[in-house]
Amino acid sequence: MWQKLSLRGRINLLLALVLALGLAVNIARLVLEAAPRVQAEDQSVIRLAREFVETIVAGLNEAPDPDARLNQIVQELSRLRHVSITRQDDAAGKGAGRVEEAGDPDSPPAWFIGLVHPEQTSVRVPISIHGQPQSLVITSHPDDEMAEIWDGIVTQIEIGSAIAIALFVITMLVVGRALAPLEALSRAMTNIEAGFYDARVEPGGAPELAAICTKLNHLAATLGEAVEDKRRLAERAVSLQDQERKEIARELHDEFGPYLFALRAHAGALMRLAEVGAPDAGALRKHGAAILEQVNALQQFNRRILERLRPVGLAELGLREALGALLRLWGESHPDMAIDTTISPALGETGETAELTIYRVIQEALTNVFRHAGATSVNVSVEPAEQPAGLHADRGFARVRVRDNGSGMKPDHKLGFGLTGMRERLLALGGTLTIASDEGGVTVEALVPNGARP
């Protein structure tokens, strides 16, 4: 039951229990103190009444009619409020000090009287009239004291209940106002869950709730930006794929078409020569050599296309050997460029996707260096890196750095499709790509997560 209650219901229930407990403890204290108070009142009244009676009846025998005088004294003492005085021979209660009216609405209930004063207190005052022993019975009636105590209890219940109700109402209003932001938070989270990342909550209520509202607003804004980045990334990926396919289609059309046309022309010439009774051997060799040349060109072009789609030998030879072959190829084609390479032996196992990403980053960075940097030397390094803050905590990372000594990039320079594609690829894998340019050249640095899955 407690677990099913709302926070407001729990606070209200606890408040009601605390107020009820406090009121019950206070009433129990008054009830427990009632009996000693009534007993003390009893003893005090009995003592005073006895001293008073003993003083009055001291000269009783000097009266002309002591018996009549005694009856007169008893009658006069009936005006006393807290005691009743009777002669011992007045078994029917003649001369009782006071007579209570039945059904008095101000009198305490019977159970209360039985609890605090179950038995009446009586004492006998012996007297002698002309040598005959007599006695007066003094009986205590602490009804007023019990009524006063009962009135105090009733008043305590009434006032305590009124105060408890007032506190309960005030607390409900205060708690309701304080918890109002929770309802707004719940609605905002429902909207965010439905994809409405522009949902916001007006900070209010207690400082803690206001801080939660502010953080939820920041979270919604961050989620909205992340979703928008994801959408742009998907759009960019599709655009890059289309661009790459367009370039491959153009190269196939521009390169394969002429080669195939030439091969078809030479093959047709060979077919025509074969129909001649004595074909010219020189013409045959000429067309055969042309066909071999076209086939070699097609093989080289095919190798370049395959290299763009996937590095040849990366899976078979491994990252270190594939990078070595790539750097040797660049060195042979640009002998005037000094290429310094450092691949750490502590790199360890990186995974197929990570190796392909490292290879592509170096390939794209070197392409930009040789095309645009105007540099005379370039440094390539691959080494293990420490865990970056905010990235995947369950993976190692490899740091790839390509630095040249060229002229650097202009302030308004925009990255091409290659490095932009690499940055988005690394972002999708959980890594980063940073490009820094100064007067000393350009540094391309990538953090590639090991074991990344495509």
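Along the sequence shown, residues carry numbers from 1.
- Rounded to the nearest 0.5 Å, atoms CG (Leu30) and CD1 (Ile153) are 5.5 Å apart.
- Using modelled atom types, no side-chain atom of Asn26 and backbone atom of Gly22 make a donor-acceptor pair closer than 3.5 Å.
- Residues Arg37 and Ile149 form a side-chain contact, since some pair of their non-hydrogen atoms from C-beta on lies under 4.5 Å apart.
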> Could you go step by step and tell me if Arg29 and Val25 meet the side-chain contact (heavy atoms from CB on, under 4.5 Å) rule?
Replying inline: CA-CA 6 Å; Arg29 180 183 62 82; Val25 169; 5.6 Å; no
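- Here the CZ atom belonging to Arg124 is positioned 10.5 Å from the OG1 atom belonging to Thr86, to the nearest 0.5 angstrom.
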>> Test side-chain contact (heavy atoms from CB on, under 4.5 Å) on Val378 and Arg403; report intermediate values, then the result.
In response: CA-CA 6 Å; Val378 61; Arg403 178 173 179 78; over 6 Å; no
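- Defined by atom type and a distance below 3.5 Å, a donor-acceptor pair is missing between the side-chain atoms of Ser377 and Asp404.
- Here the rule is side-chain contact (heavy atoms from CB on, under 4.5 Å) with Val400, and of Ile358, Thr357, Val380 only Ile358 fits it.
- Looking at heavy atoms from C-beta onward, Pro133 lies out of side-chain contact with Pro126 at the 4.5 angstrom threshold.
- Side-chain atoms of Thr155 come within 3.5 Å of backbone atoms of Asp151 as a donor-acceptor pair (strictly under, hydrogens ignored).
- The two atoms that bring Leu23 and Gly160 nearest to each other are CD1-CA, 3.9 Å, heavy atoms only.
- Pairing each heavy atom of Leu223 with each of Tyr197, the nearest pair is CB-CD2, 3.8 Å.
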>> For a side-chain contact (heavy atoms from CB on, under 4.5 Å) check, start with the C-alpha distance between Leu323 and Ile362, then their side-chain angles and the critical distance, and finish with the verdict.
In response: CA-CA 8 Å; Leu323 286 177; Ile362 295 176; 3.7 Å; yes
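- Atom CZ of Arg401 and atom CZ of Arg399 lie 5.5 Å apart (nearest 0.5 Å).
- For Asn217 (side chain) and Val201 (main-chain N/O), a donor-acceptor pair under 3.5 Å exists by modelled atom type.
- In this structure the side chain of Val402 never reaches within 4.5 angstrom of the side chain of Thr443, judged on heavy atoms.
- Of the inter-residue distances, the one linking Ile138 atom CD1 with Arg47 atom CZ reads 12.5 Å to the nearest 0.5 angstrom.
- A donor-acceptor pair under 3.5 Å is formed between the side chain of Arg320 and the backbone N or O of Ile343.
- Contact record, Pro203 with Ala210: CB-O, 4.0 Å, taken as the closest heavy-atom pair.
- Annotation: the span from Leu219 atom CG to Thr214 atom OG1 amounts to 12.5 Å, rounded to 0.5 Å.
- When all heavy atoms of Leu19 and Ala164 are compared, the pair lying nearest together is CD1-O, 3.5 Å.
- Between the CD1 atom of Ile163 and the CD atom of Gln156 there is a distance of 8.0 Å, given to the nearest 0.5 Å.
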> Could you go step by step and tell me if Thr139 and Val137 meet the side-chain contact (heavy atoms from CB on, under 4.5 Å) rule?
Replying inline: CA-CA 6 Å; Thr139 304; Val137 179; 3.9 Å; yes
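- Nearest approach of Ala188 to Ala199, heavy atoms of both residues: O-CB, 4.1 Å.
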